[in-house]
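Taking it in order: structure first as structure tokens, then the write-up.
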Amino acid sequence: MRTSSKYRATARMIATIGVVSLIAACSGNGGGGNADAGGGGYPDENITFVVPFSAGGPTDTVTRMIAEPMAAKLGGKIVVQNVEGAGGTVGAGEVARAEPDGYTVLMHHIGMSTAPALYQDLGYQPLESFETVGLVTEVPMTVVARKDFAPATLKDLVAHVKANADKVTLANAGIGAASHLCGLLFQTAAGVKLQEVPYEGTGPALTDLVGGQVDFMCDQTTNTSGQITAGEVKAYAVTTPERVKSLPDLPTTAEAGLPGLEVSVWHGLYVPKGTPQDVVQKLSEALKAALADQKVIDQMGKLGTAPVPAESATPQAHRTKLEEQLGTWGKVIADAGVKAS
């Protein structure tokens with residue numbers, strides 16, 4: 001792989017650390033594996049998709065949905081690698097330092113736009129260190145609690161946490177995680193400061209919520225839909241202007257009485273700054289093909305989300321979104337006075 005020596009070493013370890021390889025099904029192109037890759041020969045070796053969060057989490061789930069159809073379009077092979085730590089900044093930093101040749105691709109979420117405000121020594125800058133490839137999806141979030149938590153509605157929850165602010169525990173997946181950001185917005189909208197319990201990833205946080213060790217949290221539908229439909233958690237609302245098709249009985253936060261809590265977790269693909277534009281374009285076209293794949297549409301639908309429109313799966317649309325979100329979250333985080341260590 002034409003990346004840093006660290007990534008080449010990691011690639012050799014893929015078999016032993018259990019990274020999932022997703023191989024394109026090329027039987028339909030007469031053996032011409034690079035039929036859609038263009039005359040430049042890209043890709044002529046494995047592409048690594050780096051997920052800067054834990055395996056099995058929402059961002060990892062979305063990445064694995066699109067990797068196989070993207071590989072099929074490119075006529076190559078994609079491996080998905082989890083490089084977690086520090087709210088996604090460890091993996092993002094390694095991709096920023098990788099060789100800019102299109103063989104190391106980052107899938108990141110809204111955290112790309114919040115990191116500069118949270119971390120003093122980030123080591124990279126979103127607009128200066130990366131080329132945007134395209135947006136992937138915008139995932140709604142849900143406000144959920146342990147199933148035996150007393151408040152019955154979102155209004156009840158707000159009243160309860162205000163009266164018991166020193167006792168209620170609000171879980172999240174760590175500083176800078178989507179659940180942390182949504183939790184900040186909840187506290188702002190509700191006018192309360194709560195005791196936050198950070199975890200190292202969404203999985204452990206949700207596990208403790210289901211087990212009753214913490215009171216409530218705000219997390220993506222890609223991670224909570226199963227627990228909601230199974231009755232393992234109490235669900236109060238979805239944080240988008242419209243209801244989610246897969247959870248039709250769950251009201252929006254505006255319907256439930258907390259209109260100030262509106263947020264979705266957008267995901268996008270990045271490559272290191274300096275990656276050739278023809279390679280960026282090939283990746284963007286492969287992304288569009290993957291998002292139009294009916295299997296991907298169905299998989300996302302079951303998790304309460306959907307692919308972005310084709311016009312959003314472009315480098316420019318993605319960059320515009322990133323610029324806007326950097327400004328929005330910079331103010332929210334500054335007002336909250338939150339800093340990552």
Side-chain angles (χ1 to χ4, degrees), residues 1-4 6-8 10-11 14 19-20 22 42-43 46-55 57-67 70-71 74 76-116 118-119 122-139 176-178 201 265-277 279-284 286-287 290-291 308 312-315 317-319 321-323 325-326:
M1 187 161 56
R2 299 173 186 170
T3 56
S4 65
K6 183 171 184 178
Y7 269 91
R8 288 194 295 270
T10 303
I14 285 173
V19 176
V20 176
L22 296 166
Y42 173 84
N46 294 353
I47 300 171
T48 297
F49 273 22
V50 174
V51 177
F53 303 103
S54 59
T59 304
D60 181 71
T61 298
V62 171
T63 305
R64 293 173 192 273
M65 284 181 185
I66 67 169
M70 281 189 68
L74 290 165
K77 177 179 175 182
I78 292 174
V79 295
V80 179
Q81 180 185 354
N82 299 91
V83 184
E84 57 190 283
T89 62
V90 173
E94 291 197 6
V95 175
R97 295 186 293 272
E99 190 171 342
D101 55 10
Y103 288 95
T104 308
V105 180
L106 173 69
M107 169 73 92
H108 210 334
H109 64 24
I110 193 172
M112 181 65 92
S113 62
T114 63
L118 287 169
Y119 294 86
L122 193 57
Y124 63 88
Q125 290 299 319
L127 294 173
E128 289 76 22
S129 303
F130 298 94
E131 306 281 358
T132 51
V133 174
L135 296 169
V136 178
T137 185
E138 293 205 30
V139 182
V265 182
W266 54 276
H267 294 72
L269 293 179
Y270 303 80
V271 288
K273 180 67 76 173
T275 300
Q277 286 304 301
V279 171
V280 174
Q281 192 59 40
K282 288 175 183 176
L283 286 166
S284 181
L287 174 60
L291 297 181
V308 299
S312 295
T314 65
H318 185 180
R319 184 178 178 87
K321 178 77 169 182
L322 178 59
E323 289 172 342
Q325 290 280 283
L326 282 164

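None of the values given here were measured: they were computed from a predicted structure. Excluded from the calculations below are hydrogen atoms, water molecules and symmetry mates; all remaining heavy atoms, backbone and side chain alike, are included. One-based numbering along the sequence shown.
- The minimum heavy-atom distance linking Pro52 with Gly91 is given by the pair CB-CA, 4.0 Å.
- Nearest approach of Ala96 to Ser129, heavy atoms of both residues: CB-CB, 4.1 Å.
- Rounding to the nearest 0.5 Å places CG of Asn46 at 9.5 Å from OH of Tyr103.
- With Asn82 as reference, Asp60 is the one residue of Thr63, Thr59, Asp60 to meet the side-chain hydrogen bond (donor to acceptor under 3.5 Å, both in side chains) rule.
- At least one donor-acceptor pair under 3.5 Å links the side chain of Thr314 to the backbone N or O of Ala317.
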(request) Decide yes or no on ring pair (Phe, Tyr, Trp, His ring centres under 6.0 Å) for His108 and Phe130, but give the supporting numbers first. (result) CA-CA 12 Å; His108 210 334; Phe130 298 94; 8.3 Å; no

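- No side-chain donor-acceptor contact under 3.5 Å links Tyr119 to the backbone of Thr89.
- Trp266 pairs with exactly one of Leu322, Val308, Thr137 by the side-chain contact (heavy atoms from CB on, under 4.5 Å) rule, that one being Leu322.
- Between the NZ atom in Lys282 and the CD atom in Gln277 there is a gap of 12.5 Å [rounded to 0.5 Å].
- Expressed to the nearest 0.5 Å, how far NE2 of His109 lies from CD of Glu138 amounts to 13.0 Å.
- Side chain of Ser284 to backbone of Val280: no donor-acceptor contact under 3.5 angstrom is found.
- Counting heavy atoms from C-beta outward, Tyr270 and Thr132 have side chains that approach closer than 4.5 Å.
- Proximity of Glu94 to Gln81: side-chain heavy atoms (C-beta onward) are nowhere separated by under 4.5 Å.
- Using a 4.5 Å heavy-atom cutoff, the side chains of Pro58 and Val265 are not in contact.
- Between Lys273 and Pro100, the shortest heavy-atom distance links the atoms O-CB, 3.5 Å.
- Within the 4.5 Å cutoff, the side chain of Leu127 has heavy atoms near those of the Arg319 side chain.
- Rounding to the nearest 0.5 angstrom, the gap separating the CG atom in Leu287 from the CE atom in Met107 is 7.5 Å.
- A heavy-atom distance below 4.5 Å is found between the side chains of Pro272 and Val95.
- With rounding to the nearest 0.5 Å, the separation of CE in Met70 from CG in Leu291 is 8.5 Å.
- Counting all heavy atoms, side chain and backbone alike, Val133 lies closest to His318 at N-ND1, 3.6 Å.
- A 4.5 Å side-chain heavy-atom check between Leu283 and Leu269 finds every atom pair outside the cut-off.
- The CD1 atom of Ile47 lies 9.5 Å from the CG atom of Asp101; values are rounded to the nearest 0.5 Å.
- Taking each heavy atom of Ala115 and Tyr124 in turn, the nearest pair found is CB-OH, 4.1 Å.
- Using a 4.5 Å heavy-atom cutoff, the side chains of Gln125 and Pro116 are in contact.
- Between Gly102 and Tyr42 the shortest heavy-atom distance is O-OH, 2.6 Å.
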